[in-house]
Amino acid sequence: MKKELISGSEALLRTLVAEGVETIFGYPGGAIIPVYDCLYDYQDKLNHVLVRHEQAATHAAQGYARVSGKVGVALVTSGPAATNAITGIADAMMDSTPMVVISGQVNASLLGTDAFQETDVVGITQPITKWAYQIRKPEEIAWAISRAFYIASTGRPGPVVIDFAKSAQIEMVEYTYRKESYIRSYQPYPALEMDKIQQAADLINQAQKPFVLVGQGVILSHAEEALMQLLTKADIPAAETMLGLSAMPTDFPLNKGMLGMHGNIGPNMKTNECDVLIAIGMRFDDRVTGDLGTYAKQAKIIHFDVDPSEIDKNVATDVAVIGDAKASIEAVTALLNKNQHSEWIASFTCHEEAEMRGVIQEELYPTSGAIKMGEVVRKVSEATNHDAVLVTDVGQNQMMAVRYFNYKQTRSVITSGGLGTMGFAIPAAIGAKIAAPERTVCMFSGDGGLQMTIQEFGTIMQENLNIKMILLNNSFLGMVRQWQELFYQDRYSATVMDNPDFIKIADAYRIAGQKVSDRADLDKAIQTMMDHDGSYLLEVVVEPKGMVYPMIPAGTCVTNVLMSDKA
């Protein structure tokens, strides 16, 4: 019996449906128009979200993936559309976000001729993807797409790019789909080495001052409960990287806060006091380690990671456990003794009290002066009962948001970590809200980052989304200004912002909003935003030269903590 003949475009869409895709973020164009024409008949199966810029399609796909745990999908045309997507692809690679980007391409017969809107997409994206492949024949479609989803979602997740020649979109093919589940040269989950598990357990059982560093790998492997069982059984304090935030609830007793340049004092200080440092699903980023020459030299290092390339890349390990984080944690926990480290855990208290006196009290509970970023963040968090999804842009707004927002459930922090992409917030919030329509999504941005993707207000309008957007407006590129103040003698080169009327712009997109500059009006304004049925832009005028403290200057020891500009 002869198999059904369908177009390459329909083969793509059928395969996406078979892979469980429900939402696509995209922008049409000439080299992908056959797919969009076919998509017209798939509106009951695939929800297409029309963004206003291809970079936004990738960030929205990232937000969707990070909240849902599924693979985010972006669909763009060739040439400038594909190059516009590069930033989001690189961001996803740095932050281990599962994403498949499908770009249109010129006809296969025109490849290499510099045809209109032809770009070497595979060549450009190979260094920033797990896999990049060009489909030239329709017979490759089902295989390539299923393979793309398998690679993107397994092991250490990441982006995959499929460059799709227009001719292959049009040509007919006998469609056959087989879900990819094995690639000979690709081992996403290395088998656990039980001798390494035993060595790790022995070190932890013998430790007097053990300390766990929690990375996003815990979230990606759905190991949150396993982590807390390990910590509880062995009574070990833990701290999270920025991308690891929400792996533990904020109020989990053994959660000691955030690591890194603007992290909590206790975790950074204790990194250089612990006797066994247990890193789980994190890559020892420079913003966490500072000067590697002085980082945790007193400690035995245990590193759990699914990606062998991360082992000994930055920090030399004593025991490396390569494998899925959940499986690794569960295996080690089974070998751990029930323990108690009360005195060690209590030693964090003095640092917590110093941070409260030196930084937090003034940031969260000021009684006079301009509104502070931190107090806005905490008030919004409280208004959501600490149960919202936090989406941030990059800069001071980001550091304040992740420091002072609280979390009850996992997958509650969506931010650009490794690449630090300004403009990330609005499209990522769109993806987050579509992924979890039942959850409140609170987005924080500065006046610089907001204007990088402000056109996505149009997507919010068209999709009729309910996103609570908080603009912390200090009329500066705040984080760069902070560095200029601390390290460049107050030479504010190109960091002063002359801004438009953001509320009028939001109104033009039928988004309600208000501007607040007086602390006395802040609580009511936040409540108005939360009560509003629909998206809302709350612009808060904050102190123009606010600083994010604590701060560890780049490249210095993690114990070199500044509490103020006078420290």
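Residue indices begin at 1 and follow the sequence shown. Note that the coordinates shown come from a computational prediction; the quantities given were computed from them, not determined experimentally.
- Between Trp483 and Met551 the shortest side-chain heavy-atom distance falls below 4.5 Å.
- Between Phe348 and Trp344, the ring planes are perpendicular. Angles over 60° get that label, and only those under 30° would be called parallel.
- Atom CG of Asp498 is separated from atom CG of Asp447 by 10.5 Å, given to the nearest 0.5 angstrom.
- Residue pairs meeting the side chain to side chain donor-acceptor pair (under 3.5 Å) criterion with at least one partner in residues 424-441, sequence neighbours excluded, are Ser412-Arg439.
- Of all non-hydrogen atoms in Arg66 and Val413, the two that sit nearest each other are NH2-O, 3.9 Å.
- Between Val332 and Phe304 the shortest side-chain heavy-atom distance falls below 4.5 Å.
- Contacts classified as side chain to side chain donor-acceptor pair (under 3.5 Å) and involving residues 538-547 (residues at least two apart or in different chains) are given here: Lys372-Glu543, Asn473-Glu539.
- Among Ile430, Val67, Val389, the one residue that satisfies the side chain to side chain contact (heavy atoms under 4.5 Å, CB included) test with Val441 is Val389.
- Asp202 and Gln206 form no side-chain donor-acceptor contact under 3.5 Å, judged by distance and modelled atom types alone.
- Considering only heavy atoms from C-beta on, Leu450 comes within 4.5 Å of Ile426 through its side chain.
- Around the OH atom of Tyr488, the shell of radius 6.0 Å holds no more than 12 heavy atoms that belong to other residues, nucleotides or ligands.
- Listed by chain and number, the residues in a ring pair (Phe, Tyr, Trp, His ring centres under 6.0 Å) with Tyr404 amount to none (sequence neighbours excluded).
- With hydrogens and angles ignored, the 3.5 Å screen pairs no side-chain donor or acceptor of Arg287 with any backbone N or O of Gly418.
- For residues 319-340, no pair satisfies salt bridge (charged side-chain N to carboxylate O under 4.0 Å, His left out), with sequence neighbours left out.
- In this structure, the ring pair (Phe, Tyr, Trp, His ring centres under 6.0 Å) partners of Tyr64, at least two apart in sequence or on a different chain, are Phe25.
- At least one side-chain heavy atom of Ile454 sits less than 4.5 Å from a side-chain heavy atom of Ile505.
- Shown here for Pro157 and Leu220, the closest heavy-atom pair between the two residues is CD-CD1, 3.9 Å.
- Here the OH-CG distance, from Tyr295 to Asp286, works out to 11.5 Å after rounding to the nearest 0.5 Å.
- Using a 4.0 Å cut-off between a side-chain N of Lys or Arg and a carboxylate O of Asp or Glu, Glu382 and Lys379 do not qualify as a salt bridge.
- For the residue pair Asp307/Ser309, the side-chain donor-acceptor check at 3.5 Å is satisfied.
- Counting non-hydrogen atoms of other residues, nucleotides and ligands closer than 6.0 Å to NZ of Lys313 gives a total above 12.
- There is a side-chain donor-acceptor pair under 3.5 Å between Thr495 and Gln484.
- The list of side chain to side chain donor-acceptor pair (under 3.5 Å) pairs with a residue in residues 222-238, not counting sequence neighbours, reads Glu224-Thr410.
- Looking at residues two or more places apart in sequence or on another chain, you find a ring pair (Phe, Tyr, Trp, His ring centres under 6.0 Å) between Tyr492 and Phe476.
- Every residue two or more places apart in sequence or in another chain that forms a ring pair (Phe, Tyr, Trp, His ring centres under 6.0 Å) with Phe424 is listed here: His59.
- Between the side chains of Asn406 and Ser381, no donor-acceptor pair of N or O atoms lies under 3.5 Å.
- The salt bridge (charged side-chain N to carboxylate O under 4.0 Å, His left out) contacts involving residues 383-405 comprise Glu355-Arg403, where partners must be two or more places apart or lie in separate chains.
- Side-chain contact between Asn314 and Arg283 is absent, with no heavy-atom pair separated by less than 4.5 Å.
- Considering only heavy atoms from C-beta on, Leu231 comes within 4.5 Å of Ile236 through its side chain.
- By the side-chain hydrogen bond (donor to acceptor under 3.5 Å, both in side chains) test, Asn466 is found to be paired with Lys468, residues two or more places apart in sequence or in another chain being considered.
- Using a 4.5 Å heavy-atom threshold, the side chains of Leu537 and Ile503 count as touching.
- Considering only heavy atoms from C-beta on, Thr421 comes within 4.5 Å of Gln55 through its side chain.
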Checklist entry - Which is it for Asn255 and Tyr407 under the side-chain contact (heavy atoms from CB on, under 4.5 Å) test, yes or no, and what are the steps along the way? => result CA-CA 12 Å; Asn255 184 353; Tyr407 320 104; over 6 Å; no

For residues 553-561, tabulate all N or O donor-acceptor pairs below 3.5 Å that involve a side-chain atom, not counting sequence neighbours.
from, atom 1, to, atom 2, distance (Å)
Thr556, OG1, Pro553, O, 2.7
Thr556, OG1, Asn560, ND2, 3.4

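- Sorted by first and then second residue, the salt bridge (charged side-chain N to carboxylate O under 4.0 Å, His left out) pairs involving residues 341-353 (not counting sequence neighbours) are Lys256-Glu352.
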